[in-house]
Amino acid sequence: KSIETVMSTYGDDPYNGSYSFALIDTYCSQTLTINPERLQYPASAAKIVIAIAVLHAVEIEKLDLEDIQEDLEIMMRKSLDINSDDLNNLITPTQVQEIIQEANLSPLTRFFHSWRETAMTAHDLALIWESLISGRLLDETLTDYLMDLTTQAIIPEAFATFPIEKIEGFNYGQKAGYWINDEGDERLIGAGYLIEQSNSKRGYVVVFMTQGDEADDLWDRSRLATSPRHKVWPLILEFVTEQAQASPN
């Protein structure tokens, strides 16, 4: 309710865009969603699927890690499109669909091989992350390697969703996305996880997608402190950390 209240206004003006939210409790598999059937282009947040697919190809010995490592680390740290496209070209649509099926995504999501040609629900993107964390998509070594890369993302302040500073007692990682076109159509996606340091099986996967127009002014640095997304993330983090600390086991 707090998230819905924050998103109902933008400063003193109505928020004209749309948004969706999903949170998966990785310990007890409970899920919270807002606008669960809403589709959105996830921009660079979809690159996590490509990262998993190329590492799965390494696992089954169709690719060598040494051949993809530089591009993969640049994609996860800096999200450069040229490196992401090079990785995307190394895998087939079938390999991508295998990841999507293994993560049990809904029929709503459309992932046409390339991260550029994608529409996902917040819940389905959260399922990708939950499946990665659980170890269902990659072996333990490659899972640990990719999750370590997710902690190294370099994101401009104006586009940040997950916090810059460390959260006491938690490890977290992310793959954010943002996209702006000439017509003022603006999209921001935050996607990642927060897991207790003392128990890697207990924590949360969080995805938050927003879409606005020029009137919403989502990227105006002077209004960062009052934008809906910067009000929502503290609420999400407060909820997550309070719930985890209250858990007796």
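Along the sequence shown, the residues carry numbers beginning at 1. Just so it is clear, the model here is predicted, and its values are computed rather than measured.
Within a 6.0 Å sphere centred on CD of Gln152, other residues, nucleotides and ligands contribute more than 12 heavy atoms. For Ile82, the CD1 atom is loosely surrounded, since the number of other residues' heavy atoms within 6.0 Å does not exceed 12. Within a 6.0 Å sphere centred on CD of Glu117, other residues, nucleotides and ligands contribute more than 12 heavy atoms. Residue Glu70 qualifies as open at atom CD: its count of foreign heavy atoms under 6.0 Å is 12 or below.
Every residue two or more places apart in sequence or in another chain that forms a salt bridge (charged side-chain N to carboxylate O under 4.0 Å, His left out) with Glu73 is listed here: Arg77. Checked against salt bridge (charged side-chain N to carboxylate O under 4.0 Å, His left out), Asp139 has no partners two or more places apart in sequence or in another chain. In this view, Lys175 satisfies the salt bridge (charged side-chain N to carboxylate O under 4.0 Å, His left out) rule with no residue, not counting sequence neighbours. Residues that satisfy the side-chain hydrogen bond (donor to acceptor under 3.5 Å, both in side chains) test with Asp71, not counting sequence neighbours, are Asn83.
Considering only heavy atoms from C-beta on, Pro42 comes within 4.5 Å of Thr118 through its side chain. Side-chain contact between Arg116 and Asp81 is present, with at least one heavy-atom pair separated by less than 4.5 Å. Residues Leu142 and Ile52 are not in side-chain contact: their nearest non-hydrogen atoms beyond the backbone lie 4.5 Å or more apart. Annotation: side chain of Thr151 is not in contact with side chain of Asn171 (no heavy-atom distance under 4.5 Å). Between Thr150 and Trp129, the closest side-chain pair of non-hydrogen atoms falls below 4.5 Å. You'll find the side chain of His123 reaches within 4.5 Å of the side chain of Ile24, heavy atoms only. Residues Ile48 and Leu146 have side chains in contact (heavy-atom distance under 4.5 Å, counting atoms from C-beta outward). Annotation: side chain of Gln211 is not in contact with side chain of Tyr19 (no heavy-atom distance under 4.5 Å).
The distance from the CD1 atom of Ile50 to the CD1 atom of Ile68 is 11.5 Å, given to the nearest 0.5 Å. The structure places CD1 of Ile100 at 11.5 Å from OG of Ser131, a figure rounded to the nearest 0.5 Å. Rounded to the nearest 0.5 angstrom, Leu32 CG and Tyr204 OH are separated by 9.0 Å.
The same ILVMFWY cluster, assembled from side-chain heavy atoms under 4.5 Å apart, contains both Leu138 and Met147. The hydrophobic cluster containing Ile189 does not contain Leu39, counting ILVMFWY residues as joined when their side-chain heavy atoms lie under 4.5 angstrom apart, directly or transitively. Cluster membership check: Met76 shares its hydrophobic cluster with Leu65, using side-chain heavy-atom separations under 4.5 Å among Ile, Leu, Val, Met, Phe, Trp and Tyr. The hydrophobic clustering, which links ILVMFWY residues whose side-chain heavy atoms are closer than 4.5 Å, places Ile74 and Val49 apart. There is a path of hydrophobic side-chain contacts, each under 4.5 Å, that joins Leu149 to Leu55.
Smallest separation of non-hydrogen atoms from Met120 and Ile128: CE-CG1, 4.3 Å. Taking all atoms of both residues into account, the shortest heavy-atom contact from Leu72 to Ala51 is CD1-CB, 3.7 Å. Among all heavy-atom pairs drawn from Val207 and Ala191, the shortest one is CG2-CB, 3.8 Å. Across every non-hydrogen atom of Asn88 and Ser114, the tightest pair is OD1-CA, 3.2 Å. Annotation for Leu137 and Leu132: closest pair CD1-N, 3.7 Å, computed over non-hydrogen atoms. Taking each heavy atom of Met209 and Gln40 in turn, the nearest pair found is CB-OE1, 3.4 Å.
Under the 3.5 Å distance criterion, the side-chain polar atoms of Glu102 are left unmatched by any main-chain donor or acceptor of Ile99. The closest donor-acceptor contact from the side chain of Thr26 to the backbone of Gly203 lies under 3.5 Å. A donor-acceptor pair under 3.5 Å links the side-chain atoms of Gln197 to the main chain of Phe170, judged by distance alone. A donor-acceptor pair is defined here as one N or O able to donate and one able to accept, closer than 3.5 Å; no such pair exists between the side chain of His113 and the backbone of Gln97. A distance-only check finds a donor-acceptor pair linking the side chain of Asn89 to the backbone of Asp85 [under 3.5 Å].
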Give every donor-acceptor pair under 3.5 Å between a side-chain atom in residues 103-112 and any protein atom, sequence neighbours left out.
residue: Ser106; atom: OG; partner: Leu108; partner atom: N; Å: 3.2
residue: Ser106; atom: OG; partner: Asp124; partner atom: OD2; Å: 2.7
residue: Thr109; atom: OG1; partner: Asp124; partner atom: OD2; Å: 2.6

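Relative ring orientation between Trp179 and Tyr41 is described as perpendicular, the plane-to-plane angle rising above 60° on a 0-90° scale split at 30° and 60°.
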Query raised in the report: Yes or no on side chain to side chain contact (heavy atoms under 4.5 Å, CB included) for Thr210 and Phe21, after CA distance, side-chain angles and deciding distance?
Result: CA-CA 9 Å; Thr210 62; Phe21 169 82; over 6 Å; no
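The ring pair (Phe, Tyr, Trp, His ring centres under 6.0 Å) contacts involving residues 56-90 comprise nothing, where partners must be two or more places apart or lie in separate chains.
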